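Below is one structure, written out as structure tokens; comments come after it.
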Amino acid sequence: MKQKKSILLTGALVAVLSASFFWGGMMSSKRAEVRAEETGITELNERSEKEMAAESDSFINTSTEYAKHLLSDYPDSPLLGDSSLESMVNDVNAGHNAKEVILAVCEANGIPAETAVIADLTVEQIVEIDRTVFMDSDHPLGE
């Protein structure tokens with residue numbers, strides 16, 4: 001009889017401890033989920049409207065079409081100077097730093113910016129230039 005009581009007591013203790021560990025794990029998981037959600041919301045709230053606009057599908061699609069237009073209609077235009085990618089991107093974005101951005105993209109990709117033409121860039125590189133100049137510009141949103 002004593003042995004049966006001991007077995008029942010041990011079984012009950014194991015069941016209680018298992019339930020306790022299960023409950024603790026569930027609570028810990030819920031806390032982690034809430035923390036992750038709060039962090040995500042904070043990160044979204046800290047992003048500027050301009051960042052969100054520049055990452056939107058609409059901006060990326062428009063910028064991609066713009067890059068394709070430049071490659072098809074102005075392939076032999078220089079990257080820097082008058083009547084160049086620099087002036088076109090600055091005009092479109094009400095920007096002023098296209099030269100620095102173009103130089104950085106060219107340097108990162110081994111392209112000689114001083115002698116290169118628009119056709120020497122990819123659509124993705126032009127989109128990167130367009131997006132970066134837009135982010136640093138005074139271009140108003142929604143226009």
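We're numbering straight along the sequence, starting at 1. Since the structure is predicted, the reported quantities are computational estimates derived from the model, not experimental observations.
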* Determine, step by step, whether Leu121 and Ile102 satisfy the side chain to side chain contact (heavy atoms under 4.5 Å, CB included) criterion, reporting the C-alpha distance in whole Å, the side-chain angles of both residues, the deciding distance to 0.1 Å, and the verdict. => CA-CA 10 Å; Leu121 298 175; Ile102 292 167; 5.7 Å; no
* To do: Start with the C-alpha distance between Asp120 and Leu79, add both sets of side-chain angles, then the distance that settles side chain to side chain contact (heavy atoms under 4.5 Å, CB included), and finish with yes or no.
  => CA-CA 9 Å; Asp120 295 326; Leu79 300 184; 5.7 Å; no
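Annotation: ring pair (Phe, Tyr, Trp, His ring centres under 6.0 Å) contacts involving residues 69-88, sequence neighbours excluded, comprise His69-Tyr74. Each side chain to side chain donor-acceptor pair (under 3.5 Å) pair with one or both residues in residues 78-88, not counting sequence neighbours, would appear here, but there are none.
Taken to the nearest 0.5 Å, the SG atom of Cys106 stands 6.0 Å off from the CD1 atom of Ile129. Going from atom CD1 of Ile60 over to atom CZ of Arg131 covers 7.5 Å, rounded to the nearest 0.5 Å.
With sequence neighbours excluded, the residues forming a side chain to side chain contact (heavy atoms under 4.5 Å, CB included) with Glu128 are Val105, Thr132, listed by chain and number. The side chain to side chain contact (heavy atoms under 4.5 Å, CB included) check on Asn97 picks up Glu100, Val101, Val133, Asp136, with sequence neighbours excluded. Take His96 and apply the ring-ring contact (aromatic ring centres under 6.0 Å, His included) test, not counting sequence neighbours, and it matches no residue. Here Asn61 pairs with nothing under the side chain to side chain donor-acceptor pair (under 3.5 Å) rule; sequence neighbours left out. Checked against side chain to side chain contact (heavy atoms under 4.5 Å, CB included), Ala104 has no partners two or more places apart in sequence or in another chain. Partners of Val123 under the side chain to side chain contact (heavy atoms under 4.5 Å, CB included) rule, at least two apart in sequence or in another chain, are Thr64, Ala67, Lys68, Leu71, Val127.
With a 4.5 Å cut-off on side-chain heavy atoms, Asp130 and Thr62 do not count as touching. Between Asn109 and Thr122 the shortest side-chain heavy-atom distance does not fall below 4.5 Å.
Between Ser137 and Ala94, the closest heavy-atom pair is CB-O, 3.6 Å. Residues Pro78 and Ile118 approach most closely at O-CG1, 4.3 Å, considering heavy atoms.
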